[in-house]
Amino acid sequence: MRTYTVYVCETCGLELRDAMKMREHEASHLGLTLDEMLTYQSLKNRVKSAGMASYLANNDSTQQELDDAANELVAFEKAHNLI
């Protein structure tokens, strides 16, 4: 028996077995290059992590990190017409 991993585009439902091609495909839906898409995902993950840290230990430091991360994400989204 063989097992295959299939990646499915969250936007259009296209199914591919190559993860890199799927990343490129999903980036094309947003009008981004692969590098820009990876940067975008990294920024979103930073906001998510900072939000969790702020939730668990809400203080000036964690709140500032969350604000900084969110501002960078918004700036990226504005620069690439994602919002």
Side-chain angles (χ1 to χ4, degrees):
M1 173 174 57
R2 291 185 181 180
T3 304
Y4 294 102
T5 300
V6 177
Y7 302 93
V8 180
C9 177
E10 293 179 6
T11 304
C12 69
L14 175 70
E15 296 181 0
L16 296 173
R17 290 174 34 194
D18 186 327
M20 189 58 67
K21 287 182 181 178
M22 181 53 71
R23 286 187 179 120
E24 291 172 353
H25 172 79
E26 287 189 331
S28 71
H29 282 295
L30 299 173
L32 300 174
T33 65
L34 183 57
D35 288 338
E36 290 169 337
M37 183 67 163
L38 295 175
T39 300
Y40 186 42
Q41 290 173 335
S42 175
L43 289 170
K44 290 194 305 184
N45 287 337
R46 181 177 169 211
V47 170
K48 188 176 185 179
S49 294
M52 184 57 69
S54 180
Y55 172 76
L56 294 173
N58 192 3
N59 58 45
D60 291 341
S61 176
T62 58
Q63 190 60 47
Q64 186 61 49
E65 174 60 26
L66 177 57
D67 291 345
D68 292 345
N71 288 335
E72 281 188 48
L73 177 60
V74 169
F76 181 90
E77 289 175 337
K78 284 182 180 178
H80 294 87
N81 297 319
L82 298 174
I83 54 173

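Placement of M22 and L30 in two distinct hydrophobic clusters is found when ILVMFWY residues are connected by side-chain heavy-atom separations under 4.5 Å, directly or transitively. Y7 and M37 fall into different hydrophobic clusters, defined by Ile, Leu, Val, Met, Phe, Trp and Tyr side-chain heavy atoms under 4.5 Å apart, directly or through other members.
Side-chain contact between E10 and E26 is present, with at least one heavy-atom pair separated by less than 4.5 Å. Inter-residue side-chain proximity for V74 and K78 is flagged as met; some heavy-atom pair is nearer than 4.5 Å.
Residues that satisfy the side chain to side chain contact (heavy atoms under 4.5 Å, CB included) test with E15, not counting sequence neighbours, are V6, V8. Residues satisfying the side chain to side chain contact (heavy atoms under 4.5 Å, CB included) criterion with N45, sequence neighbours excluded, are absent altogether. Under the salt bridge (Lys or Arg N to Asp or Glu O under 4.0 Å) criterion, E72 pairs with R46, not counting sequence neighbours.
The list of ring pair (Phe, Tyr, Trp, His ring centres under 6.0 Å) pairs with a residue in residues 49-77, not counting sequence neighbours, reads Y40-F76, F76-H80. Screening residues 17-38 for ring pair (Phe, Tyr, Trp, His ring centres under 6.0 Å), with sequence neighbours left out, gives H25-H29.
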Task: Derivation of the side-chain contact (heavy atoms from CB on, under 4.5 Å) call for Q64 and D60 - done: CA-CA 6 Å; Q64 186 61 49; D60 291 341; over 6 Å; no
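Note: L38 CG to L43 CG = 11.0 Å, rounded to the nearest 0.5 Å.
Closest heavy-atom contact between T62 and N59: N-OD1, 2.9 Å. Annotation for V47 and L66: closest pair O-CD1, 3.8 Å, computed over non-hydrogen atoms.
Other residues sharing the hydrophobic cluster of Y4, ordered by chain and number and joined by side-chain separations under 4.5 Å: none, the residue standing alone.
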